[in-house]
Each structure stands twice: as structure tokens, then as C-alpha cells.
Amino acid sequence: MWDDLARAFCLMLVIEGIIPFLYPQRWRQLVASLALVDDRRLRIMGLVSMLIGAGLLLALR
């Protein structure tokens, strides 16, 4: 199980690095605009993202 978790973490880092690598200017603008979003909205986006990820993991298993 820990091997799978480590692989998933490594894949996440690769995927997270694609946008800043390909479009650094747009990524910087996105991060700046996220700083303006209120905490409640960020938490809701984080929750939705986690639920989608967990649902996809369940569907793939």
C-alpha cells in the first residue's frame, strides 16, 4: 500500500508541474487570482476536488 501511495504522490508532483513548466506566466496569474478568493470558496473547491478524486479511485478499483 505504501508503494502505491508513493507512486501516486510522485504522479501528482509530475501533473502539478506540467502547467508551471509549459505556461509559467499563466500559472503566476492563476496563483495571484487564487490569493483573492475567500477561504470558504477555496475550502469548497478543495472538498469537491477530494470527493472527485476519491470517487475516481473507487471507480477504477
Side-chain angles (χ1 to χ4, degrees):
M1 177 183 154
W2 289 107
D3 290 339
D4 291 337
L5 188 60
R7 285 187 191 106
F9 183 71
C10 292
L11 259 175
M12 181 202 65
L13 290 175
V14 169
I15 291 169
E16 290 280 328
I18 290 173
I19 299 300
F21 178 74
L22 293 176
Y23 307 105
Q25 193 69 14
R26 287 186 182 177
W27 182 79
R28 191 174 292 117
Q29 291 170 351
L30 174 66
V31 171
S33 68
L34 279 176
L36 302 175
V37 177
D38 64 298
D39 289 346
R40 187 179 193 301
R41 182 170 256 174
L42 280 175
R43 285 189 175 149
I44 290 172
M45 289 181 344
L47 176 64
V48 169
S49 176
M50 289 188 302
L51 291 174
I52 289 172
L56 286 172
L57 279 174
L58 286 173
L60 290 174
R61 296 249 170 185

Legend entry - Of all pairs that satisfy salt bridge (charged side-chain N to carboxylate O under 4.0 Å, His left out), the ones with a partner from residues 4-15, not counting sequence neighbours: Asp4-Arg7
Inset, instruction - Show which residues join Val48 in its hydrophobic cluster (side-chain heavy-atom contacts under 4.5 Å, direct or indirect), or state none. - result: Ile44, Ile52, Leu56
In a table with atom names and distances, give each donor-acceptor pair under 3.5 Å that connects a side chain of residues 15-36 to protein atoms at least two apart or in another chain.
unit_1 : atom_1 : unit_2 : atom_2 : d
Gln25  : OE1    : Arg28  : NH1    : 3.1
Ser33  : OG     : Gln29  : O      : 3.4
Ser33  : OG     : Leu30  : O      : 2.8

Legend entry - Sequence neighbours excluded - side chain to side chain donor-acceptor pair (under 3.5 Å) pairs with any residue from residues 38-61: none
Legend entry - Cluster companions of Met1 among Ile, Leu, Val, Met, Phe, Trp, Tyr (side-chain spacing under 4.5 Å): none
Inset, instruction - Identify, with sequence neighbours excluded, every residue that meets side chain to side chain contact (heavy atoms under 4.5 Å, CB included) alongside Leu47. - result: Met50, Leu51
Legend entry - Hydrophobic cluster of Val14, others only, ordered by chain and residue number, side-chain cut-off 4.5 Å: none
